[in-house]
Structure formats: C-alpha cells, structure tokens
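The structure follows.
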Amino acid sequence: MSRPMKLRFAPSPTGFLHVGGARTAIFNLLHARRHGGIMALRIEDTDVERSKQHHADQILASLKWLGCEWDEGPIYQSDRLDRYRERVEELVSKGLAYRCYCSVDDLEAERRAAEEKGEAFRYPGRCRTRTDEPAGQPSAVRIKVPPEAIEFDDLIRGHVRFEAEQIDDFVLLRSDGNPTYHLSVVVDDVDMGITHVARGDDHLSNTPKHVVLFRAFGVEPPTFAHLPLILGSDKKRLSKRTGATSTEEYQKMGILPQALFNFLMLLGWAPGGDREIISRDDATAIFDLSDVNKSAAVFDAEKLAWVNGQYLMAMSAAEIHPHLAEFLPEAPVLDAKLEKLLELYKIRSRTLVELAAQVRDYYISDTAVTYEDEAVKKHLKGDDLATRMRDLRETLAGDAAFTIESTEAAVRALGEAKGLGAGKYIHPLRVALVGRVSSPPIFDVAVGLGRNSTLARLDELIRRIDAGNLAPQVL
RNA sequence: GGCGCAUUCGUCUAGGGGUCUAGGACGUCGCCCUCUCACGGCGGUAACACGGGUUCGAAUCCCGUAUGCGCUACCA
C-alpha cells in the first residue's frame, strides 16, 4: 500500500506567524510540491487560554502573503474535541491507556521534591493498575507507555534513540476533558493521513511520545524531519530582543514576500551551484527535506535586505508597483513619471520603505523641498552661488528639448563658457531638486521631475538664497 | 540535574578520506567606473571548537571534552 505523500503545517494561533514557523511552512510546501504531495494546514488551538481566532486569521493572511498556499484545510482542532475523546476511550477500553486520579497539586509537589534532590521527575504510573473508580473525582487519562526504547529515522537528524526510562506515562486527556497537544497531534496526523512531519527541532524530544501513540493506534508513524531552529544575533532562539520575529513586521519594513521566502529558504538549505537568489519554482524542482542542515542558523537581517534589493532590482516597475502602493499613497497610479522613477530608484533601494521615501520627493510641492544639512554645507556655498543658479536656470529654461542628453550638454557648455567645472552647477542643482547629497544621475532626475518642476525648484532655491534662508517656508 | 541535538570565515553556507595552501554569498576594507549615491567590475580580510584515535592520508569516520541550543507540564 502506498499512501499519497501528505505534509502539513500546524501553527498554534497564539501570536503572529513567526519567521521560524514561516520557514517550516515553506519547507513543508517545497517538499510536498517537489514530490507531488499534498499540503495541509491545521490550526492547533487546543490551548483555550492562549489561542485566539484573530491570531489564526492573521497567520492565514501571512501565509497567503508569503505565497504558501495549501491544498487542504485549515482544520481547527477545537472542532474535533469529540474525536479526540472518542479515540482516548478506545485506548482505555483496549487497556492501552488508563484513568489517573492523582491531583495536579500532588504531582506538582512531587516534581518539586524530585527537582530539589536533583532528580528527574517522571510519573511513576501509580494509577496504572488501579481498579476502583472514585466517584465524583476528576480524572485525566494517561497512556501506558511500553517498556521499550524508541528509535526512529529522522530525515534531517538521522537515527535517533530514546531509552524507555525517558518516557513516562504522559497525559492524553486533561481532567477537564480537553486533549493535550500530544494526543491531538497524533490523532489528527492519523486521521489526515499525514506521511511526513516536518516541524521545529523543539519537538524532537516529544517525538518518542508520538511514536508510542501512533503504535497504540496501530499505525505506522510518519517520517519525521526536525528542522533546526532559527536563532537571533545573540545565538539564542530568535526573540523580539534581537530582531523582528513576525512575518508581518518584515512586511511592514518593506520586504517583498518572494524575497522573504527566498531568504528563509536559504536558512539551513542551499540550492547548490553557489546560487543565492532562486525562485520558488526553481527551488521546488530540487528541494528535499533530507538536504536540510542539522545546525541552527542565525537570522541575518542584513542579508535579507540584500536579497530584497536583488528582487527589487530584477523587477519591472509594473511588478513593483502593487507592492509599493501601501507605502506610497501619494502615487496610487503607475503613470509614465512613476515608472521612470521606479526604474531610477529600484537599484538604489533595499526595501519598499526606502524606495517610497526616495520617490516621495517627486510628489511634494516644488516649494516644499527640504535641504539636508550636509547638502547645504557641501554644495550651497560660494559668493557666486546666486549668479550660478540664475545662469543655470536660464540655461535649462532655454533647453526646449529637455532630454537627458540635451540638459547635460547645456549645463556642461555653461560650465565651460563660465570657466567653471560642471560640478559647480550639478551639485547645487541636485540640492535644489531633491534636497539630498545623492540621487540618481542628475539629468535623469531633472527629466523625471519634468521641465516645470525642475525650473520651479530652481526658482525656489534662488528665492531662498535671496531671502538668506534655505529652509522651506511654506508647509 | 537527566535526555536529545548541534559545532567550517562576524553571519548564511559548499564540502560527504586525497582535487582544501578550504569554494561562494552577506557584511566589511581598498581600487576602478563616475555629476553624487547606488549598480557593476576587480582585489583584500576572515573559518574546519578542543583532545585523542582509525588510516599511507581527515574539515570529512569513531570516542571523549568544551560550548551552545532544545525538551524535561493535565503549554504547544
């Protein structure tokens, strides 16, 4: 019998989609797509206290944004509580699980006592052989763990072995009737026909418990693949202290979904051939969970920014625009002007936020340009500044063609005629047009801005020089 | 504490006994291009955690140590 390959991503709706979770989803998806398998989505919301519907919605939205689609689900575990109880009853009636009447407080006290003695506490199985059923007393259900070592072959870690003593009779059903994670996970993986479980490394130690449960249900456990964790720059599990942890934050920082996807994919996996930028489709053709690295990787936001820049550079203005819209409400429509600007600025930006900030200069009023201090100090100096700017204004105004070539030729000719370097005109012009020390080639800027705005901004500079005040007056 | 897992440049990685005086990428530094900034090009810096084995030969295999991380719940 060969079941179809099926993988799943199973987040808990206790917060936004963590980048570690996003990577897990990506690896699951790539593996499924590579091998023609099915990708399922399951929301693990059995922790009633912490699970929130708006978090689940948020996670779903982030997955879609990232381009991680799924074929099945989402299935909510909270809809399946009866099923979990049913399967537990089955185990109890078969003698594979039993009711435990030990109180949580007592167990807690025992645990503390063991801890003080420096010993590991494991449930001793007191209720295993109990035959009475104290009426009116709450009971949990524990599984009867067979006294044998558990071994399995992990796609990433290789052969892993846990001794029998390491696994105690863990709880399946809480005394309030709710399933524990271990129970719901295994029941669902069985019911859904999951063949491959790729999840975070933090679950490796839980896996023997799951194997015990699969066997109790008479099912062959799926193939496991435990992904190494993503670390922060402090080498500890990525946390808010060391950087943004949710995909949403990266979206807000102006990271493109395909860039995040690409970057996350590179954490623990390499496409070979010294490639760094690789499309999802190309990755799908060669990805395999067994090629994923064993060791944890540090999340390097610098490299993410570089990857994002690579994507921006390779995209056309039309491709960028939809992503840019939310960052640049000033320019909701992609017209010829914006298209030109995006072409000029995409290679100068690593994020959509940076891109928007630069392009925005072209959408403000011509009298509202602010000059950077550094720009003023470096380029708006010299006794002849006002004269140079008037000459420059006149020269540009006289250029009927107003193309990149014609404006450049005109300004360079002006410099020569006055016996001055072209820089004496070019640098102040840059300040007049965008207020910054740097910009795309200045004649591209002038043409991108258009003849009217170029002249208006020069007029404004001249006005400010005459007024002896270089700050914008109207706001 | 117990158990599990991991350990190649600052970071992501290639490498799976000889081709490694260890390759690529990000970052960083220098040079070139140049109206500035980017882009691009060229070049530099920088790593096999440590100690034992196995072997003619080890980054690659084995053992130990150290360090880090994870789990150790009627959380997931």
Side-chain angles (χ1 to χ4, degrees), chain A residues 10-14 44-47 49-51 77 100 102-104 107-108 111 114-115 117-123 138-142 154 156-158 160-163 165-168 170-182 184-185 200-208 226 228-229 231 233 235-237 263 266-270 272-277 293-307 309 313 344-350 358 375 378-379 408 411-412 421-427 429-431 436-443 445:
Chain A
S12 299
T14 53
E44 309 215 323
D45 57 351
T46 51
D47 182 340
E49 291 287 300
R50 297 193 299 153
S51 297
Q77 293 193 319
C100 171
C102 299
S103 83
V104 176
L107 290 172
E108 188 50 41
R111 175 169 301 112
E115 225 165 79
K117 282 194 286 181
E119 291 167 8
F121 173 78
R122 286 189 189 82
Y123 182 67
S139 68
V141 177
R142 290 181 184 271
D154 189 285
I156 296 172
R157 304 347 262 230
V160 186
R161 177 190 168 97
F162 290 85
E163 298 303 329
E165 311 80 66
Q166 293 306 315
I167 315 156
D168 67 355
F170 57 96
V171 171
L172 300 178
L173 205 62
R174 290 188 260 264
S175 46
D176 65 2
N178 283 315
T180 60
Y181 160 73
H182 304 300
S184 54
V185 132
D201 198 311
D202 45 342
H203 289 293
L204 188 58
S205 305
N206 290 324
T207 306
H226 285 93
L229 261 23
L231 274 24
S233 48
K235 300 266 192 166
K236 294 216 164 58
R237 197 176 181 145
F263 173 74
L266 256 25
L267 254 31
W269 182 75
D274 291 334
R275 274 195 295 177
E276 304 284 335
I277 302 301
N293 273 169
K294 292 177 173 56
S295 52
V298 173
F299 189 100
D300 181 3
E302 279 296 315
K303 184 152 182 179
L304 203 213
W306 173 77
V307 170
M313 247 185 277
L344 285 176
Y345 279 101
K346 67 182 190 184
I347 62 165
R348 270 166 262 263
S349 311
R350 299 204 304 176
Q358 300 184 87
K378 260 173 123 165
H379 303 303
E408 173 156 16
V411 171
R412 289 197 185 280
K424 290 283 184 199
Y425 296 95
I426 285 172
H427 296 301
L429 175 59
R430 189 184 327 279
V431 181
R436 302 174 190 267
V437 285
S438 67
S439 80
I442 194 60
F443 303 105
V445 169

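Quick caveat, the model's predicted, so the values are computed rather than measured. Below, read A as the first sequence line, B as the second, and so on, with proteins coming before strands; counting in each chain starts at 1.
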Query raised in the report: If we call it a pair only when both distances are under 3.5 Å in a Watson-Crick or G-U wobble match, what pairs with B/C26?
Result: B/G10
Query raised in the report: Paired with B/A58: which nucleotide, if any, by Watson-Crick or G-U wobble criteria at under 3.5 Å for both distances?
Result: none
Query - Atom-to-atom span, CZ of A/F170 to P of B/C3 - whole angstrom - result: 20 Å
Query raised in the report: Is the base of B/C74 touched by the side chain of A/S175 through a donor-acceptor pair closer than 3.5 angstrom?
Result: yes
Requested in this report: Could you tell me which residues satisfy side-chain hydrogen bond (donor to acceptor under 3.5 Å, both in side chains) with A/K424, sequence neighbours excluded, listed by chain and number?
Outcome: none
Query raised in the report: Paired with B/C5: which nucleotide, if any, by Watson-Crick or G-U wobble criteria at under 3.5 Å for both distances?
Result: B/G68
Query raised in the report: Of the non-hydrogen atoms in A/S439 and A/V445, which two are nearest, and what is the gap between them?
Result: OG-CG2, 3.7 Å
Query - side-chain N/O A/R122 vs B/G1 OP1/OP2, d < 4.0 Å - result: no
**Report entry** Given RNA chain B, 5'-ward residue of the pair A/H182 and A/R275, judged by closest heavy atom
**Finding:** A/R275
Query raised in the report: Between the side chain of A/D168 and the main-chain N/O of A/Y123, is any donor-acceptor distance below 3.5 Å?
Result: yes
**Report entry** Candidate pair A/Q166 and A/R161, rule side-chain contact (heavy atoms from CB on, under 4.5 Å), full reasoning
**Finding:** CA-CA 10 Å; A/Q166 293 306 315; A/R161 177 190 168 97; over 6 Å; no
Query raised in the report: What's the NZ-P distance between A/K378 and B/C35, to the nearest Å?
Result: 15 Å
Query raised in the report: Can you check the A/D202 CG to B/G4 P distance for me, whole Å?
Result: 18 Å
Requested in this report: Scan A/S51 against the nucleic acid and name what it touches under 4.0 Å (heavy atoms): base, sugar-phosphate only, or nothing.
Outcome: nothing
Requested in this report: Using a heavy-atom cut-off of under 4.0 Å over every strand shown, decide if A/P440 touches base, sugar-phosphate, or nothing.
Outcome: base
Query raised in the report: Under 3.5 Å, is there a donor-acceptor pair between the side chain of A/R237 and the main chain of A/L229?
Result: no
Requested in this report: Determine: side-chain N/O of A/K236 to OP1/OP2 of B/C69, distance under 4.0 Å, yes or no.
Outcome: yes
Query - Base paired to B/U36 (Watson-Crick or G-U; both N/O distances under 3.5 angstrom) - result: none
Query raised in the report: So does A/R430 get a side-chain nitrogen or oxygen closer than 4.0 Å to the phosphate oxygens (OP1/OP2) of B/C35?
Result: no
Query raised in the report: Would you say the side chain of A/R348 and the base of B/C37 hold a donor-acceptor pair, judged only by whether the two atoms sit under 3.5 Å apart?
Result: yes
Query raised in the report: Contact class for A/C102 vs. all strands (heavy atom < 4.0 Å): base, sugar-phosphate, or nothing?
Result: base
Query raised in the report: Touch check for A/I442, heavy atoms < 4.0 angstrom, all strands: base, sugar-phosphate only, or nothing?
Result: base
Report task. Go through B/A76, B/C74, B/A14 for me and flag the one nearest to the A/A270 side chain. Result -> B/A14
Requested in this report: Could you please name the partner base of B/A73, counting Watson-Crick and G-U wobble pairs only when both distances are under 3.5 Å?
Outcome: none
Query - Under 3.5 Å: donor-acceptor pair, side chain of A/N293, backbone of A/S295 - result: no
**Report entry** Closest nucleotide among B/G23, B/A38, B/C35 to the A/D274 side chain
**Finding:** B/G23
Requested in this report: Would you indicate what A/H203 reaches in the nucleic acid, counting non-hydrogen atoms under 4.0 angstrom: base, sugar-phosphate, or nothing?
Outcome: base
Query raised in the report: Contact class for A/R436 (heavy atom, under 4.0 Å): base, sugar-phosphate, or nothing?
Result: nothing
**Report entry** Distance between P atoms of B/A22 and B/C5 (Å, rounded)
**Finding:** 32 Å
Requested in this report: Could you walk me through whether A/F299 and A/F263 pass side-chain contact (heavy atoms from CB on, under 4.5 Å), step by step?
Outcome: CA-CA 9 Å; A/F299 189 100; A/F263 173 74; 3.5 Å; yes
Query raised in the report: Which part of the nucleic acid does A/N206 contact within heavy-atom distance under 4.0 Å: base, sugar-phosphate only, or nothing?
Result: base
Query raised in the report: Expressed in angstrom and rounded to an integer, what is the separation of A/Y123 atom OH from B/C74 atom P?
Result: 10 Å
Requested in this report: Using both distances under 3.5 Å as the test, list the Watson-Crick or G-U wobble partner of B/G51, or none.
Outcome: B/C63
Report task. Select base, sugar-phosphate, or nothing to describe what A/F263 touches, counting heavy atoms under 4.0 Å on all strands. Result -> nothing
Query raised in the report: Any side-chain N or O of A/R111 under 4.0 Å from OP1/OP2 of B/C74?
Result: yes
Requested in this report: Tell me what A/R237 touches on the nucleic acid: a base, only sugar-phosphate, or nothing, going by heavy atoms under 4.0 Å.
Outcome: sugar-phosphate
Query raised in the report: When we call it a touch if two heavy atoms are under 4.0 Å apart, what does A/R157 touch: a base, just sugar-phosphate, or nothing?
Result: sugar-phosphate
Report task. Could you check which nucleotide pairs with B/G17 in any of the strands shown, counting Watson-Crick or G-U wobble with both distances under 3.5 Å? Result -> none
Report summary line: Taken in chain and number order and not counting sequence neighbours, the residues that satisfy side-chain hydrogen bond (donor to acceptor under 3.5 Å, both in side chains) with A/T207 are A/R199, A/H226
Identify each atom pair where a protein N or O and an N or O of nucleotides 8-12 of chain B are less than 3.5 Å apart, giving names and distance.
unit_1, atom_1, unit_2, atom_2, d
B/U11, OP1, A/K235, NZ, 2.7
B/C12, OP1, A/V298, N, 2.9
B/C12, O2', A/L266, O, 3.1

Query raised in the report: A/R430 side chain to A/R436 main-chain N or O, any donor-acceptor pair under 3.5 Å?
Result: no
